[in-house]
Amino acid sequence: MRDESLSDSLLAWYDRHARAMPWRVGPADRAAGVRPDPYAVWLSEVMLQQTTVAAVRDYFRRFVTRWPTVTDLAAAEDGEVMAEWAGLGYYARARNLLKCARVVASEHGGRFPETREALLKLPGIGPYTASAVAAIAFDERAAVVDGNVERVMARLYRVETPLPEAKPELTAHAAALTPAERPGDYAQAVMDLGATVCTPKSPACGICPWMAPCAARAAGVQADLPRKAPKKAKPTRYGIAYLARRSDGAWLLERRPDKGLLGGMLGWPGSDWSDAPTGAPPVEAQWQDPGLEVRHTFTHFHLRLALRVAEVGRDAVPDRGHFIPRAAFRPASLPTVMRKAFDLGASALPATESVAPDSD
DNA sequence: AAGGCGTGGCA
DNA sequence: TTGCCAAGCCT
């Protein structure tokens, strides 16, 4: 059974402390009848998967400015969406975002399904996002369980079982607390609490609306919860990236395959990334070794990427990739590791003379 | 069903 | 420098 005094005290706290966000309808406006745009809720929730609010803000604004509705997004070119997502990480989210937008546009008349169950069927929408959209946009009493909620529940109920084993128990607690009234505000409230008060390292118990009922706080173990299984060490992999600049300033890039690391993104042609990388240069040239190396850490390995640079003539025909004209090339459209390679490698080539744009 | 999948900030 | 982490999903 639900403990309404708990959800009530949290909602009262949220009424005073809700953070303002570009996609959020605050509690006062919500109480006055303002409804959030399901498209904005969905887009923000996908962007927020494993990603900080600070990192998402500007991406969200650019997306809704460029594609104001899900129908607009559905009509976008794949490469444009991937370029706009560049730098935000977890690029499968962007591929699934577009898939989802197209399903909503073509099979649901441009309107998002309004139940958690139906939302779960869409690409890129899992248990968390389905609950968040259902609760925030459609007032369904759906319990959100993300990293914040897991932490808050583990502390409130002093769950000592380590994650991920504890997940079902924490989910049950979260579901029991979720109120029928204001489920969307409650979802945002419990996540705000986790993000600003019940933080991973020194939680601010002194200002927490749930200080009194918190079992971990009473036992003084709040900073030790939730317990987690130890993580594996990251191996180091090595690779080579080839940066070729044509005499007209065009750069040789290739589209990475949809599956796997950085799937669907542009990148520099190169070797595989392994203990002993192999891979031929993508175009015949006088390749130079400037002695530069990009260091970058992915989710599950460290990468040391050695750079090779070359200038090639107007008639160069690459074995891999294609030349992107200087005027069309934006480093910001590259995933971060590739942008780092550009920042380093471009400085190793002589400055381009200012030439008039050419006609290919 | 455990592992693949990004990035930037911070102690 | 290193490790940890942040509103997970997919296979």
Side-chain angles (χ1 to χ4, degrees), chain A residues 18-19 21-24 40-60 82 85-97 99-100 119-137 142-152 163-165 167-168 171 174 184 186-196 198-202 223 226 228-237 256-265 267 273 294-304 332 334-340:
Chain A
R19 294 179 292 170
M21 298 177 190
W23 50 84
R24 175 177 280 180
V41 174
W42 163 74
L43 177 61
S44 65
E45 291 299 343
V46 173
M47 288 183 166
L48 285 163
Q49 291 167 6
Q50 297 287 285
T51 308
T52 58
V53 169
V56 164
R57 273 205 161 86
D58 288 343
Y59 282 87
F60 175 83
M82 300 312 288
W85 195 278
L88 197 55
Y90 284 135
Y91 298 99
R93 293 184 295 169
R95 302 195 301 272
N96 285 329
L97 186 84
K99 279 187 199 167
C100 182
L119 287 160
L120 261 178
K121 299 182 190 302
L122 295 169
I125 297 186
Y128 164 76
T129 306
S131 285
V133 174
I136 297 168
V144 294
V145 184
D146 70 336
N148 286 306
V149 177
E150 289 177 351
R151 184 172 58 256
V152 171
L163 285 168
E165 188 185 344
K167 175 108 177 173
T171 298
Y186 175 82
Q188 295 172 95
V190 67
M191 290 188 288
D192 268 21
L193 185 74
T196 65
C198 195
T199 52
K201 299 171 186 182
S202 38
K228 295 189 177 181
K231 305 197 170 170
K232 291 182 180 174
K234 291 174 167 60
T236 298
R237 295 184 191 169
R256 299 172 62 88
D258 268 349
K259 304 225 172 199
L261 192 67
L262 309 181
M265 301 299 291
W273 296 346
V294 171
R295 292 191 181 197
H296 190 79
T297 298
F298 292 99
T299 310
H300 54 296
F301 66 94
H302 303 290
L303 176 66
R304 294 189 181 195
L334 301 178
T336 298
V337 65
M338 300 297 176
R339 186 183 50 72
K340 284 184 184 175

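- Counting to the nearest Å, the C1' atom of C:dT2 and the NE2 atom of A:His302 are 8 Å from each other.
- No donor-acceptor pair under 3.5 Å is formed between the side chain of A:Arg304 and the backbone N or O of A:Arg237.
- The phosphate of C:dC10 (OP1 or OP2) has no side-chain N or O of A:Tyr90 nearer than 4.0 angstrom.
- Residues A:Lys201 and A:Arg93 each lie close to DNA chain B; by heavy-atom proximity, the contact nearer the 5' end of the strand is made by A:Arg93.
- The aromatic rings of A:His296 and A:Phe298 sit perpendicular, their planes meeting at an angle over 60°, well past the 30° parallel limit.
- Note on A:Pro164: nothing from the nucleic acid sits closer than 4.0 angstrom, heavy atoms only.
- Looking at residues 47-58 of chain A, you'll see A:Leu48, A:Gln49, A:Gln50, A:Thr52, A:Val53 sit with a heavy atom under 4.0 Å from some atom of DNA chain C.
- In terms of modelled atom types and a separation under 3.5 Å, the side chain of A:Thr51 and the main chain of A:Gln49 share a donor-acceptor contact.
- If you check every strand for non-hydrogen atoms under 4.0 Å, A:Leu88 touches a base.
- Mapping A:Asn96 and A:Trp23 onto DNA chain C via the closest heavy atom, the residue that lands nearer the 5' end is A:Trp23.
- In this structure, of B:dG3, C:dC5, B:dT7, it is B:dG3 that holds the atom nearest to the side chain of A:Lys232.
- Remark: C1' of C:dC5 and CG of A:Asp146 are 13 Å apart, rounded to the nearest angstrom.
- Nucleotides B:dG6 and C:dT11 are separated by 14 Å at their P atoms, to the nearest Å.
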request  = Begin with the C-alpha distance, continue with both residues' side-chain angles, and end with the deciding distance and a verdict on side-chain contact (heavy atoms from CB on, under 4.5 Å) for A:Val145 and A:Lys167.
outcome  = CA-CA 9 Å; A:Val145 184; A:Lys167 175 108 177 173; 4.2 Å; yes
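- Between the side chain of A:Ser44 and the backbone N or O of A:Ala40, at least one donor-acceptor pair lies under 3.5 Å.
- Summarising the geometry, the separation between CG on A:Leu262 and P on B:dG4 is reported as 15 Å, rounded to the nearest angstrom.
- If you check C:dG8, C:dG3, B:dC5 against the side chain of A:Leu261, the one that comes closest is B:dC5.
- Distance, A:Phe301 CZ to C:dG3 C1': 18 Å, rounded to whole Å.
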ask   = For A:Met338 and A:Leu262, what are the C-alpha separation, side-chain angles and deciding distance, and is it a side-chain contact (heavy atoms from CB on, under 4.5 Å)?
value = CA-CA 10 Å; A:Met338 300 297 176; A:Leu262 309 181; 4.2 Å; yes
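- A:Lys234 comes within 4.0 angstrom of nothing in the nucleic acid, heavy atoms only.
- In this structure, A:Arg19 reaches the bases: a heavy-atom distance under 4.0 Å links it to at least one base atom across the strands shown.
- Within 4.0 Å (heavy atoms only), A:Met21 reaches at least one base atom of the nucleic acid.
- Applying the 4.0 Å criterion to OP1 and OP2 of C:dG8, one finds that A:Thr129 has every side-chain N and O outside that range.
- Of the possible donor and acceptor atoms, none in the side chain of A:Tyr128 sits under 3.5 Å from a partner among the backbone N and O of A:Glu45.
- A:Arg339 places no side-chain N or O within 3.5 Å of a backbone atom of A:Ala332 that could act as its donor or acceptor partner.
- Rounded to whole Å, the distance from CH2 on A:Trp273 to C1' on B:dC5 is 12 Å.
- As judged by a 4.0 angstrom heavy-atom cut-off over every strand, A:Arg24 is placed among the base-contacting residues.
- Neither OP1 nor OP2 of B:dG6 sits under 4.0 Å from any side-chain N or O of A:His296.
- Taking the charged nitrogens against the carboxylate oxygens, A:Arg151 and A:Asp146 have no contact shorter than 4.0 Å, which rules out a salt bridge.
- Each of B:dT7, C:dG8, C:dC5 was ranked by its minimum atom distance to the side chain of A:Tyr91; first place goes to B:dT7.
- A:Gly263 comes within contact range of no nucleotide atom at all, as no heavy-atom separation falls under 4.0 Å.
- As rounded to whole Å, 18 Å separates atom P of C:dT2 from atom NZ of A:Lys231.
- Rounded to whole angstrom, the span from the OH atom of A:Tyr59 across to the P atom of B:dG6 amounts to 13 Å.
- The phosphate of B:dT7 (OP1 or OP2) has no side-chain N or O of A:Thr299 nearer than 4.0 angstrom.
- The distance between atom CE of A:Met265 and atom P of B:dG6, rounded to the nearest whole Å, is 9 Å.
- The phosphate of C:dT11 (OP1 or OP2) has no side-chain N or O of A:Lys259 nearer than 4.0 angstrom.
- Heavy atoms of A:Gly87 sit under 4.0 angstrom from primed sugar atoms or phosphate atoms, though from no base atom.
- For A:His300 and B:dC5, the shortest distance from a side-chain N or O to OP1 or OP2 is below 4.0 Å.
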